[in-house]
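Working notes, structure below.
This is a predicted model, so every value here is computed, not measured. Both ligands and their constituent atoms are indexed starting at 1 by order of listing. Both backbone and side-chain heavy atoms feed into the values below; hydrogens, waters and symmetry mates do not.
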Amino acid sequence: MIRNCRGQTKEWGGRLPVALVFPEEESLALSTLGWQRVYKDLGHNNLFYVERFFWDRKSGKAKCPDSDKTLADFPLICFSLNFEGDFLTLINILKAENIPITASERSDWPLIMAGGPIAFLNPFPVIPSLDFLFVGESEGRFVAISEVIGNAWLKGNSVSQVIASISGLPGIMIYGQQQKVKKQIFLTAEGYLDSPCHSTFVSRASVFRDSFLMEINRGCPYGCRFCAAGFIYRPPRKSKTQDLKNLVQKVNPRKVGLVGTALTDWEDLFSFLTWLHKRKVKFSLSSLRADGLDRKFLEFLRRSGTRSITLAVEGISSRLRRAMNKHFSSEKFFKAVELISEMQFNTLKLYFILGLPGESDKDFHDLTHFLEMLEQARKKGMGRKKKGVDLISISASMFVPKPWTPLQWSPMDKEEVFLEKVRRIKKMCAQYKGLRFQAEKPFSSRIQGLLSKGDEKVHDLLVLASENDNNWRKALKMWSGNIEDYIGSELSVEKDFVWDTIDLGVDRRYLIREFDKYKKEMLTSPCPDEPCPSCRRCGMDKFLSDSSFPERRPAALTSGKKDFPDGN
Ligand code: SF4
């Protein structure tokens with residue numbers, strides 16, 4: 001008997017052994033919910049023996065924290081892809097196990113697949129390494145697909161027989177088979193998430209130390225034009241508050257981490273936090289909007305032990321924030337800063353994005369004014385006290401054009417242009433005491449941009465990087481492709497992308513209209529409260545009404561003979 005899951009033991013024999021690999025370090029894996037749900041769902045199914053694997057920086061291998069098994073022991077290896085950087089780690093992990101890194105070199109087990117958000121954002125750079133992908137969210141369907149594979153494996157089917165049996169199933173993408181694949185999602189008839197995703201493991205090693213994470217909502221109604229989360233998780237859905245309470249009562253955690261976007265928009269936020277506080281459950285919040293931070297709420301946060309507030313400002317000027325559809329009120333933002341200073345929070349973290357399309361000198365002048373106002377708000381909040389907020393920390397990331405966003409056609413700045421912008425802001429921030437500035441490395445951001453928009457040709461670059469100790473600069477020089485072809489200039493909206501073979505539901509014409517509105521600096525209102533069929537703005541209404549799409553019929557997930565043959 002081997003310890004397999006918290007409170008659960010299983011035998012290896014008579015089941016399909018599945019390795020669930022998170023190609024990042026354990027701390028990040030334990031802070032990510034999608035793969036934990038898959039782990040739990042497969043672990044509770046008697047057809048599978050499941051082990052989790054995390055990338056180990058020291059050895060460069062994927063290691064299982066629960067047993068001494070190695071990846072090569074498993075006939076089914078599932079990678080959870082959450083970041084573009086996972087592509088290279090995936091290849092390195094396969095190499096470290098002496099598993100051939102391209103699917104065409106493998107003729108026998110293991111079967112290697114991937115899922116996760118990158119599988120429906122743009123998985124094409126890594127596709128040659130995979131036997132298949134699951135394009136969809138973590139609920140339901142992936143287990144049904146795995147059942148097909150499990151039954152086939154137990155019957156002694158070959159890999160090619162298994163591939164043939166899953167080909168054409170909903171959400172399955174097989175390299176070389178170019179049919180359009182519809183992303184699999186699930187929502188209840190009332191438009192809620194099926195049940196809240198939550199931590200399967202609570203650990204000190206997590207980025208959110210000792211926290212039981214719960215998903216409050218998925219997707220974002222605002223549709224900021226640079227942000228993939230606002231487009232790839234449509235329609236925005238939330239968990240039922242009663243489901244969240246039931247979960248807390250069942251698990252009885254010491255600390256809860258609320259995961260979601262724009263949490264201050266959630267109408268039950270304050271009452272839910274008050275309910276947690278009364279039960280002596282600590283909490284942390286992943287994302288707040290300045291316009292939701294009034295005196296009453298901030299006082300409550302301070303009283304209940306919150307020391308740090310994080311706000312995303314994004315664009316460096318009000319013009320750019322408007323163009324990106326940020327719905328940002330400067331007045332409310334500086335009022336919130338004043339209150340944060342008055343209540344002496346330890347840290348205020350602010351996030352900016354550099355290099356948005358059309359960014360110019362006048363936007364930097366606007367930022368100068370913004371920093372002055374920030375200082376004034378901090379001082380006003382302090383009043384006569386000696387101390388306000390201890391530290392204001394400003395972080396800048398570089399704009400990366402993401403697939404499925406209205407800015408997917410936009411270019412990225414050259415490295416030296418980014419570096420000059422970083423120097424410029426650093427100098428501006430240095431004038432203020434208690435203001436710290438840090439920025440991502442522009443070169444890494446440009447690699448992220450290339451991987452985000454890459455096609456199968458980028459796989460050669462990944463292999464070169466892997467062969468050269470992950471040295472991207474060296475690999476780029478050796479590669480036959482050119483990074484500028486992907487991120488060097490604005491592309492025509494007529495251009496087809498490789499990810500167009502995935503159907504996420506958002507109409508391309510809607511993205512083009514939003515791109516045009518970026519250039520005209522026009523706002524689009526957030527998703528309304530009513531469901532997609534009443535709104536019909538972005539195309540999700542058609543996607544959800546497709547009669548071949550059983551997202552509202554969970555029974556079909558495991559019993560639909562037509563959708564899921566038994567693998568013979
Ligand atoms: S159809 Fe309307 S409500 Fe539905 S995702 Fe699109 S914009 Fe939002």
| remark: Here the ring pair (Phe, Tyr, Trp, His ring centres under 6.0 Å) pairs for residues 211-243, sequence neighbours left out, are Phe120-Tyr233, His198-Phe212, Tyr222-His327

| field | Nearby protein N/O/S atoms (those under 2.8 Å) for atom 6 (Fe) of ligand 1, with water ignored | value | Cys538 SG

| field | Ring centroid separation Phe142 to Phe134 under 6.0 Å | value | yes

| said: Under 4.0 Å between a side-chain nitrogen and a carboxylate oxygen: does that hold for Arg446 and Glu484? | reply: yes

| field | Under 3.5 Å donor-acceptor, Trp409 side chain and Pro406 backbone | value | no

| Got a donor-acceptor contact below 3.5 angstrom from the Arg322 side chain to the Glu521 backbone? | yes

| field | Lys/Arg-Asp/Glu bridge criterion (N-O < 4.0 Å) met for Arg319, Asp363 | value | yes

